[in-house]
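Here the structure comes first, spelled out in C-alpha cells, and everything after it is commentary.
Letters A, B, ... mirror the listed sequences (proteins, then strands); counts begin at 1.
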Number of protein chains: 2
Amino acid sequence: MERPSINLNFSKESARGGQTAAKTIKGSQSVYRAIAVLRGVARHHHTGITSTELCDKLDLTPATTHRLLQVLLSENILTVDPYSKKYHLGLELYLLGSAAHDFAVREHLAVHLDNLRRLSGATVFLFVRSGADSLCLRRIDGDSAIVGLTIAEGSRRPLGVGAGGLALLAAESNRMVEKVLRSNTSLYGNYFDVSIEEIWRWVEATRKRGFSFNDGRLKTGVRAVGIAVGPPSERPVAAVSIATDDTRLTEALRIEFEQLLRVQFENQEKSLLNLDEKLFGGLR
Amino acid sequence: MERPSINLNFSKESARGGQTAAKTIKGSQSVYRAIAVLRGVARHHHTGITSTELCDKLDLTPATTHRLLQVLLSENILTVDPYSKKYHLGLELYLLGSAAHDFAVREHLAVHLDNLRRLSGATVFLFVRSGADSLCLRRIDGDSAIVGLTIAEGSRRPLGVGAGGLALLAAESNRMVEKVLRSNTSLYGNYFDVSIEEIWRWVEATRKRGFSFNDGRLKTGVRAVGIAVGPPSERPVAAVSIATDDTRLTEALRIEFEQLLRVQFENQEKSLLNLDEKLFGGLR
DNA sequence: TTGGTCTTTCCATATTATGGTAATTAGGTT
DNA sequence: AACCTAATTACCATAATATGGAAAGACCAA
C-alpha cells in the first residue's frame, strides 16, 4: 500500500473556507482555522513545520496559530518536537484516519486505475457503496476534461446513477436493490426521467452483460462503462468506470473499454477476497 | 495490516478537554467540541451515527452539534448519507491520517508485540525516534500494571531515557548521538542524575550487548529490556521494550526477556527493510 | 391524513476567540 | 561568552462570534 497523496489546496486564503470554498458555514471560524492548520502540518509532516511558517502560509497571527496548535497538541492530533519546534501529525490523527479504513480501496486499486487511465486515455472513476449512495473515491481525469463534470472525489450520488453506481447496484441482491430503489425514489428525478421499473431493467441488463453502461441518459451527458470489482460471488468491494463525453463513446470504443476493464480485474479475485474481509461491515 | 483500534475515551464530558483532560487550553472551545464530534463519528464509523445520537453522547445542543457537523462536512472530513442522516468519516480525514504514515509501524509490529506480551506477561512498549525524542506508539500492559507509569501512547521522552529510548539512541551514529545528547542535556535531570559521559557508556554497552537495559536508574523505578528493530546495518525503524516493576526483574528474567526479543525479531530483516523505505524521512 | 420525532434555521445574548503588545526563549555571530 | 536577532509563548482588554433557546421544517409511522 503506497502512501496516498494529499490533494488539498493549501494557499493563503485557505484558512477560511474549505476546498468547496463557496459555502462557509456561519460560525465555528476557529474550526475552519484548526482544519487549515491541520492541513498545513499534514503537508509538511515528514519534515515538520514551525509555528511561524504556518503563520505565513495560513495568514494567521502568531497568537492564534499558537493557540490552535496547543489545542491540537493537547488532543494528540499533532505532535511537536520540542527541540526543533517543528510540528508533525500525531498518533491520534493517524488512528482517526485509520478508522476510515474503508477508503483503503483507493490504494489497493490505485495501480489498476492508473493502468486504465493510461490505456484508455479517458477519465477513470472509483466508487464504493455507502448506504444507498455511491461514493466517489477517486477520479483520474482523461486526456481531455469532461465538460460539466460534477463528480468530485468524496461526492455522492444515489446508487444506480451513472455507470459506477449502476454497477454497484446491480451487484447487490434483489432484496437490496428493492430497498435502495425505494429509499432513493424521489431523488432519481434529479438525474434522469425514468421509472423505477426502467432502472430495474438496467440492473438486469448489467448483470447479464457483466458491465454497466451509461448511454448518456444522464442529464450531465456523460457516457461511461463500469464494472463491479470484488471477490467472486460476493458483494463487490468497489466499482470502476471509464467515462468520456457524450459524443465520443462509439460502440467500438465501448467494447474496447469493456475489454480494458475485464483484463484489468480478471485475476484479482484472490487479492480482493482478502481486502473484502476488511472492508465489509464498513460504510455500507 | 489490521484495522487499528481507536482508544479514545468517549464519555459525556469528553466534549470539553481531551484525554489528557488536565490541561485544557483556554480558548478554542469549539475546536475541542469539533474533535469530540470527530471522535464520536469515528467510533461509529462503520454503522454511522446520527446528529441526535451525537447530541446525547457528547452532551451538546442540537444546534451546536449540527453546526459542527456542517463544518466538518463542508471540509470533507465527514460524510453524510442524506437518506439515513447518518454521519461517517470522510475521505479527507482518511487522507490526512494517511499522511501520518509513519505510525504504520504500529500495525506492522502489532503481532510481535502481542506475542511478546503473551510470552512475557510483562508490559510491552513500542517506540520510534522523533527528533531528539523517543515517541511511544504503543503500550500493552502486562498482567500486573506498573505503578506510577507515565509513558502513555503518544508521549515523548528524550532519546536515551528508558530502555526503548536507549536502544534507539544506541542505534544512531556517533555523530547523531553527540547531537542528541547535546540538545537534550538540560532535560536528562528530570529522569536520572548522571552525566552525559555516563549515558555514552550506556550507549556503548547497549551496542556491545545488542540490548538496552534499564536497571531501575530512572526515577520512576521501572526496569526494562529493549531492542532496536530494523533492517540490518540501517538505522532502526523502531524499538521495542519489555518492562516490569523495579523489584521483579531478576537477572534470570532479564535474560529471558532478551531471548524473547531476539527470537521475535531475528528473522524480520527483510520485511523491515521494506517498511524502512516507507518510513525513512518521516518524523525523525 | 395526522401525530410525533428528528433535523435544521434563526437570532439576541454572553461567551470566548482574537490580535496587539510584551516577555521569554532560542539561535546565530562577532 | 556576550551580544543581537528572530522566533515562540503569555497576557489581556476588546470585539467578534459561537452559543442555545425556540420555532420552523422535514421525515416517518400509524
*For Tyr32(A) and dT17(D), what is the distance between atoms OH and P respectively, to the nearest whole Å?*
13 Å
*Check side-chain hydrogen bond (donor to acceptor under 3.5 Å, both in side chains) between Glu198(B) and all other residues, then give those that pass, not counting sequence neighbours.*
Arg201(B), Trp202(B)
All N/O contacts under 3.5 Å from nucleotides 4-7 of chain D to the protein, with atom names and distances to one decimal?
from, atom 1, to, atom 2, distance (Å)
dA7(D), O3', Thr52(A), OG1, 3.4

*Between dG20(D) atom P and Leu58(B) atom CG, what is the distance in whole Å?*
12 Å
_Whole-Å gap separating P (dT5(C)) and CG (Asp56(B))_ = 14 Å
*asked:* Checking Thr50(B) now: which residues fulfil side chain to side chain contact (heavy atoms under 4.5 Å, CB included) with it, not counting sequence neighbours?
replied: Thr52(B), Glu53(B), Lys86(B)
_Ala63(B), nearest nucleotide to its side chain (from dT9(C), dA10(D), dA18(D))_ = dT9(C)
*Could you state the atom-to-atom distance from CD of Glu53(B) to P of dC6(C) in whole Å?*
10 Å
_Integer-rounded Å distance: dT16(C) P and Arg33(B) CZ_ = 7 Å
*Quick one: bend of the helix from dT8(C)-dA23(D) to dT30(C)-dA1(D) from 5 pairs per end, to 10°?*
60°
_Options dT18(C), dT9(D), dA18(D), nucleotide nearest the side-chain atoms of Tyr87(A)_ = dT9(D)
*Closer to the 5' end of DNA chain D via nearest nucleotide, is it Pro62(B) or Leu68(B)?*
Leu68(B)
*Those residues that, when tested against Ala100(A), pass side chain to side chain contact (heavy atoms under 4.5 Å, CB included) (two or more places apart)*: Phe103(A), His45(B), Leu89(B), Tyr94(B)
*Rounding to a whole Å, what distance do you find between Gln70(A):CD and dT9(D):C1'?*
8 Å
*Are side-chain heavy atoms of Val37(A) and Tyr87(A) found at a separation under 4.5 Å?*
no
*How would you list, by chain and number, every residue that makes a side chain to side chain contact (heavy atoms under 4.5 Å, CB included) with Val161(A), sequence neighbours excluded?*
Arg157(A), Pro158(A), Tyr188(A), Tyr191(A), Phe192(A), Leu218(A)
*Residues forming a side chain to side chain contact (heavy atoms under 4.5 Å, CB included) with Ser212(B), sequence neighbours excluded*: Ala163(B), Leu166(B), Ala167(B), Thr206(B)
*Would you say dA18(D) has OP1 or OP2 under 4.0 Å from some side-chain N or O of Ser30(B)?*
no
*Hey, which of Thr64(B), Asp59(B), Thr65(B) is the one that makes side-chain hydrogen bond (donor to acceptor under 3.5 Å, both in side chains) with Thr61(B)?*
Thr64(B)
*Going by atom types alone, do Ser30(B) and Ser30(A) pair a side-chain donor with an acceptor below 3.5 Å?*
yes
*Specify the separation, in whole Å, of atom CG of Leu54(B) and atom C1' of dC6(C).*
13 Å
*Side-chain N or O of Arg67(A) less than 4.0 angstrom from OP1 or OP2 on dA17(C)?*
no
*Compare side-chain N and O positions of His66(A) against OP1 and OP2 of dT9(D) and report whether any pair is under 4.0 Å apart.*
yes
*Specify the separation, in whole Å, of atom CD of Gln29(A) and atom C1' of dT19(D).*
14 Å
_Donor-acceptor pair, side chain of Glu172(A) and main chain of Val177(A), under 3.5 angstrom_ = no
